[in-house]
Number of protein chains: 2
Amino acid sequence: MSKSPRSYNQFCAIAKALDIIGERWTLLIVRELLSGPKRFKDLQDSLPGIGTNLLSTRLKEMKKNGLLAKGKLPPPAASAVYEIAERGRELEAVVSAIVKWGFSLLGTPNQDEFFRPHWAMQALLVTFDSDAAKEFSEIYEFHISDEIFYLRVHEGKAEGRLGPASHPDLVIIASVNELLTLGFGENQIEYALDKGLIKQGTVEMLCRFIRIFGL
Amino acid sequence: MSKSPRSYNQFCAIAKALDIIGERWTLLIVRELLSGPKRFKDLQDSLPGIGTNLLSTRLKEMKKNGLLAKGKLPPPAASAVYEIAERGRELEAVVSAIVKWGFSLLGTPNQDEFFRPHWAMQALLVTFDSDAAKEFSEIYEFHISDEIFYLRVHEGKAEGRLGPASHPDLVIIASVNELLTLGFGENQIEYALDKGLIKQGTVEMLCRFIRIFGL
DNA sequence: CGGAATCCTCTTCGATACTG
DNA sequence: CAGTATCGAAGAGGATTCCG
């Protein structure tokens, strides 16, 4: 049968939690699934170095622990996917706290570091400034390399989704490097205009976006 | 030289954070240090199964990463201790989120599970109900087996410390099993009176304590 | 093609013994 | 008490193969 995973064996909430989410790769898989269902291959591509056997093992453990479920995508491309489950989504607060703590460690991107555009989406959701967004209701869509996602701000709350929005107010098309410059560089507005990154929407919207998401 | 620790090598806040706090035992060491400075031996006793070499290694890594510092206890018992540092204390939010998530996994204590009374203190700080405590200012002290700690409620906030309080309002003396019954059992008040656990203070205070900390 | 199983190498873990 | 040294066991990582 399945070999029993290692446990701290402590009657303590943190230890019990870490028995489940503390193993290598597990929280990164949660991170991936929080932004939507993914196929095995998608996960592998976002988790360089994991190896098929280990990913397979982790997915099984996580399913057993109620963090995710196997599902099917709607008819067009009816492939098997892994999607976050109830108990997995409840980890959003944990992931968010970790992102906040880890943000200062980011520094500047190193050439040998992997990066996927949708990770920026999750970071933005964490740096989101609710007060600055109170009076706005807008949808910001991004096309970064081959990934598309959007952020919707409404009633002081923000949510992010992979894929295109129905009626985006602002559409930014950029490369990964341009995105990073936009996020960490100086004179972001000038840079965006200079490179022609705004494909739809106004400069005001971009200014607002930058302010709302604390860049 | 020191071999470089394993890294996910991703330009992503979660991955960067997990490079530092994701290794086995690290967050449990943080948990221990969040309740006060500890000696090597103290840590070992609260982390059964860690092995001296691994604990030593972890402490070095954590010091290098700014999570803790080596200090000396004040004159009486001037022994070397490890204490939480700035960046380590900032992990309080992370630990708190994990505790909240892991709470439902606790179930009932199993005989083969380890338990240390001061873990209860941290759990109580997380289940603390600020609204229920708004109008009270009290100090609750606990003597559980050989451990003493207290919780101070003031202006809708709660803080916990190891050791005795200066002027506790309520003092509970109990065994580990009695503490767990108090935490997870029924008819807690009757039980406390029956066993004579209240060494100082009133029944009203115990009721309040139970309500404030959501038991 | 997605994904599970196998095999091999390397690193990390855990337990005990040992030293300052 | 505070670590270091050592060694067998378990886990991780990479490549390859097998199966639907």
Side-chain angles (χ1 to χ4, degrees), chain A residues 1-10 15 18-29 32-33 37-64 68-73 76-83 112 114, chain B residues 1-10 15 18-29 32-33 37-65 68-73 76-83 112 114 146:
Chain A
M1 277 309 302
S2 62
K3 44 185 180 272
S4 56
R6 185 158 47 183
S7 166
Y8 288 114
N9 212 37
Q10 299 183 358
L18 291 178
D19 280 344
I20 291 180
I21 60 170
E23 275 179 306
R24 196 162 166 75
W25 296 108
T26 302
L27 271 179
L28 292 187
I29 296 173
E32 288 305 312
L33 296 185
K38 298 270 190 305
R39 288 171 306 172
F40 192 93
K41 188 59 160 41
D42 299 328
L43 291 170
Q44 226 179 350
D45 289 346
S46 288
L47 304 169
I50 191 175
T52 63
N53 55 350
L54 190 48
L55 177 53
S56 173
T57 303
R58 285 287 176 277
L59 289 171
K60 267 179 237 158
E61 292 167 355
M62 292 171 70
K63 181 176 174 182
K64 201 182 70 191
L68 58 78
K70 270 177 121 158
K72 284 225 183 304
L73 235 43
S79 49
V81 292
Y82 296 88
E83 50 195 0
D112 70 339
F114 293 92
Chain B
M1 282 305 301
S2 62
K3 47 189 170 270
S4 56
R6 183 156 49 185
S7 165
Y8 288 115
N9 212 38
Q10 299 182 359
L18 291 178
D19 282 343
I20 291 180
I21 60 170
E23 275 179 307
R24 197 164 166 75
W25 296 109
T26 302
L27 271 178
L28 292 187
I29 295 173
E32 289 305 312
L33 296 184
K38 299 270 191 303
R39 289 172 307 173
F40 192 92
K41 186 59 159 47
D42 299 328
L43 290 170
Q44 224 180 349
D45 288 346
S46 288
L47 303 169
I50 192 176
T52 61
N53 59 344
L54 190 49
L55 177 53
S56 174
T57 304
R58 285 287 177 276
L59 290 171
K60 269 178 235 160
E61 293 167 352
M62 291 170 71
K63 181 177 176 181
K64 201 183 68 191
N65 288 323
L68 57 79
K70 268 176 125 158
K72 283 225 183 306
L73 236 43
S79 48
V81 291
Y82 296 89
E83 52 196 357
D112 70 339
F114 294 93
D146 56 344

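Every chain is numbered from 1, with letters handed out A, B, ... down the list of sequences.
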If you compare every side-chain N and O of [X] against the phosphate oxygens of [N] (OP1, OP2), does one of them come in below 4.0 Å?
{"X": "B:Lys70", "N": "D:dG3", "result": "yes"}
{"X": "A:Lys38", "N": "C:dG2", "result": "no"}
{"X": "B:Tyr82", "N": "D:dG3", "result": "yes"}
{"X": "B:Arg24", "N": "D:dG11", "result": "no"}
{"X": "B:Trp25", "N": "C:dT12", "result": "no"}
{"X": "A:Arg39", "N": "C:dC1", "result": "no"}

Figure out the [atom1]/[atom2] separation between [X] and [N], and round it to whole Å.
{"X": "A:Ile50", "N": "D:dA15", "atom1": "CD1", "atom2": "C1'", "value": "16 Å"}
{"X": "B:Arg58", "N": "D:dT4", "atom1": "CZ", "atom2": "P", "value": "14 Å"}
{"X": "B:Phe114", "N": "C:dG14", "atom1": "CZ", "atom2": "C1'", "value": "13 Å"}
{"X": "A:Lys60", "N": "D:dG11", "atom1": "NZ", "atom2": "P", "value": "15 Å"}
{"X": "A:Leu43", "N": "C:dA4", "atom1": "CG", "atom2": "C1'", "value": "15 Å"}
{"X": "A:Asn9", "N": "C:dC13", "atom1": "CG", "atom2": "P", "value": "18 Å"}
{"X": "B:Glu23", "N": "D:dA10", "atom1": "CD", "atom2": "P", "value": "21 Å"}
{"X": "A:Asp42", "N": "C:dC1", "atom1": "CG", "atom2": "P", "value": "14 Å"}

Nearest to side-chain heavy atoms of [X], which nucleotide of [options]:
{"X": "B:Thr52", "options": "D:dA12, D:dA5, D:dA2", "answer": "D:dA5"}
{"X": "A:Arg6", "options": "C:dG14, C:dA4, D:dG13", "answer": "C:dG14"}
{"X": "B:Asn53", "options": "D:dT6, D:dG3, C:dA4", "answer": "D:dT6"}

Look up atom [atom1] in [X] and atom [atom2] in [Y], then write down how far apart they are to the nearest 0.5 Å.
{"X": "B:Met62", "Y": "B:Leu68", "atom1": "CE", "atom2": "CG", "value": "5.0 Å"}
{"X": "B:Tyr82", "Y": "B:Glu32", "atom1": "OH", "atom2": "CD", "value": "14.5 Å"}
{"X": "A:Ile21", "Y": "A:Leu27", "atom1": "CD1", "atom2": "CG", "value": "4.5 Å"}

Strand DNA chain D in bracket notation, Watson-Crick/G-U under 3.5 Å with | for pairs to another chain | |||||||||||||||||||.
Answer with base, sugar-phosphate or nothing: what part of the nucleic acid does A:Gly51 contact at a heavy-atom distance below 4.0 Å?
-> nothing
When you check the gap from the basic side-chain N to the acidic O, do B:Arg58 and B:Glu61 get nearer than 4.0 Å?
-> yes
Does the A:Thr57 side chain pair with the main chain of A:Asn53, one donor and one acceptor, at a distance under 3.5 Å?
-> yes
Return yes if some donor-acceptor pair links the side-chain N/O of A:Tyr8 with the main-chain N/O of B:Trp25 below 3.5 Å, else return no.
-> yes
What closest approach, in Å, do B:Leu55 and B:Ile29 show between heavy atoms, and which atom pair accounts for it?
-> CD1-CD1, 3.8 Å
Please report the C-alpha distance between A:Gln10 and B:Leu47 in whole Å, then the side-chain angles of each, then the deciding distance to 0.1 Å, and finally whether the side chain to side chain contact (heavy atoms under 4.5 Å, CB included) criterion is met.
-> CA-CA 9 Å; A:Gln10 299 183 358; B:Leu47 303 169; 4.3 Å; yes
